[in-house]
Amino acid sequence: MIDLVVYGDFNCPFSALASERVDELERRGIATVEWRAVEHDRGIPAAGVEISGDVAQMLTDELAQIRGLLDRGEPDRLQLPIRQVNTRLAITRYAGAPNESRPELRHEIFASHWQRAERIDDAAVLDDLGAGPANNVVAEEWRAAWQAATDPIVPVLVLPDGYVSRGLGALARLAGLLA
């Protein structure tokens, strides 16, 4: 079993695919993964952005690209959400959850946003998902480590030897570990 670190943002569809692959790696006992949530785009307003126009086209194109990356047997679960959310609250609440609760919470936050179009920027939704209290210190530690490791892109995979794989390369490496 190998130990991996993955950085991803809950509003990134590529990170959502990385999360699905991480779930499968852990389910099969191939890897243990420390998922560190980071806010990739701090420019998204606190109220989020309605998905329409250019934002809708960009996300539609990204979802089509992701469907092309799915390996045989990987589920196609991602739906175009209603809003592009600011993930700061979800990240700090995820950071405040106990370590042993994070894998399931990560899975549920991604499903909430990408499958059920729920507001993961709403404290009540995060409460229902079992998120912990906000932990800004841990969230900022993750962000600092992510920024030190690579260009600000998600997902990022850090291998046991310290090698950093980014974006589509990280997704390909995760798929390769499952092959």
Side-chain angles (χ1 to χ4, degrees), residues 3-23 25-26 31-51 55 58-59 62-63 66 77-158 162 164-167 170-171 174:
D3 295 322
L4 304 171
V5 174
V6 176
Y7 295 90
D9 194 346
F10 296 120
N11 68 6
C12 168
F14 297 98
S15 294
L17 177 56
S19 179
E20 291 284 333
R21 289 179 175 172
V22 162
D23 285 346
L25 285 169
E26 290 181 322
T32 59
V33 180
E34 180 184 354
W35 185 280
R36 298 177 179 179
V38 293
E39 186 180 9
H40 176 244
D41 184 355
R42 286 193 160 182
I44 298 172
V49 176
E50 183 179 330
I51 294 183
V55 173
M58 175 193 71
L59 287 172
E62 288 180 355
L63 289 173
I66 287 166
R77 294 188 177 120
L78 303 183
Q79 307 285 326
L80 187 65
I82 296 168
R83 303 189 63 70
Q84 185 180 33
V85 296
N86 177 305
T87 55
R88 191 169 301 130
L89 180 62
I91 289 166
T92 60
R93 296 283 305 272
Y94 172 79
N99 289 342
E100 64 275 5
S101 301
R102 285 184 186 151
E104 180 62 25
L105 178 59
R106 171 184 40 82
H107 177 82
E108 286 302 314
I109 292 172
F110 274 115
S112 179
H113 182 63
W114 289 102
Q115 295 171 35
R116 300 189 299 267
E118 295 174 343
R119 299 280 310 256
I120 62 169
D121 56 351
D122 182 319
V125 170
L126 295 169
D127 288 343
D128 289 346
L129 297 176
N135 188 329
N136 292 310
V137 172
V138 169
E140 283 304 317
E141 287 172 359
W142 290 343
R143 183 170 183 77
W146 169 63
Q147 287 178 317
T150 186
D151 296 329
I153 189 172
V154 287
V156 168
L157 168 65
V158 182
V164 176
S165 187
R166 310 169 357 181
L171 291 172
L174 291 169

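This chain uses plain numbering: 1 for the first residue, then up along the sequence. From a predicted model like this one, the values you see are computed outputs, not experimental measurements.
A distance-only check finds a donor-acceptor pair linking the side chain of Y94 to the backbone of W35 [under 3.5 Å]. With hydrogens and angles ignored, the 3.5 Å screen pairs a side-chain donor or acceptor of R83 with a backbone N or O of A47. Between the side chain of T92 and the main chain of R88, a donor-acceptor pair closer than 3.5 Å is present. Judged purely by atom type and a 3.5 angstrom limit, D121 has no side-chain atom pairing as donor or acceptor with the backbone of V85. For the pair H113 (side chain) and P81 (backbone), a donor-acceptor distance under 3.5 Å is absent. A donor-acceptor contact shorter than 3.5 Å links the side chain of S165 to the backbone of A170. Between the side chain of W146 and the main chain of I153, a donor-acceptor pair closer than 3.5 Å is present. At least one donor-acceptor pair closer than 3.5 Å links the side chain of R102 to the backbone N or O of A95. Without hydrogens or angle criteria, Q115 side chain to F110 main chain gives no donor-acceptor distance under 3.5 Å. Checking side-chain atoms of S112 against main-chain N and O of I120 turns up no donor-acceptor pair under 3.5 Å.
For residues 126-143, the pairs satisfying side chain to side chain donor-acceptor pair (under 3.5 Å) are R42-E140, R93-D127, with sequence neighbours left out.
Between L4 and L25 there is a side-chain heavy-atom pair separated by less than 4.5 Å. A heavy-atom distance below 4.5 Å is not found between the side chains of V154 and F14. Proximity of F10 to R106: side-chain heavy atoms (C-beta onward) are separated by under 4.5 Å at one or more points. Taking 4.5 Å as the limit, every side-chain heavy atom of R166 sits out of range of all side-chain heavy atoms of L157. When side chains are defined from C-beta on, V33 does not count as touching V5, because their heavy atoms never get closer than 4.5 Å. Contact of the R36 side chain with the V6 side chain is not registered, since no non-hydrogen atoms from C-beta on lie closer than 4.5 Å. L129 has its side chain within reach of L105: a pair of non-hydrogen atoms, C-beta onward, lies under 4.5 Å apart.
To the nearest 0.5 Å, atom CG of residue N86 and atom CG of residue D41 are 9.0 Å apart.
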Check step by step if salt bridge (Lys or Arg N to Asp or Glu O under 4.0 Å) holds for E108 and R116. CA-CA 10 Å; E108 286 302 314; R116 300 189 299 267; 3.4 Å; yes
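A 6.0 Å sphere centred on CG of L80 holds more than 12 heavy atoms belonging to other residues, nucleotides or ligands.
Between S15 and P155 the shortest heavy-atom distance is OG-N, 3.9 Å. For R119 against V125, the heavy-atom pair with the smallest separation is O-CB, 3.3 Å. Of all heavy-atom pairs spanning N99 and P103, the tightest one is O-CD, 3.5 Å.
Of the N and O atoms on the side chains of T87 and N11, not one donor lies less than 3.5 Å from an acceptor on the other residue.
In this structure, R77 pairs ionically with E20, as a charged nitrogen and a carboxylate oxygen lie closer than 4.0 Å.
In this structure P13 satisfies the side chain to side chain contact (heavy atoms under 4.5 Å, CB included) test together with L59, E62, L63, I66, L78, W114, sequence neighbours excluded.
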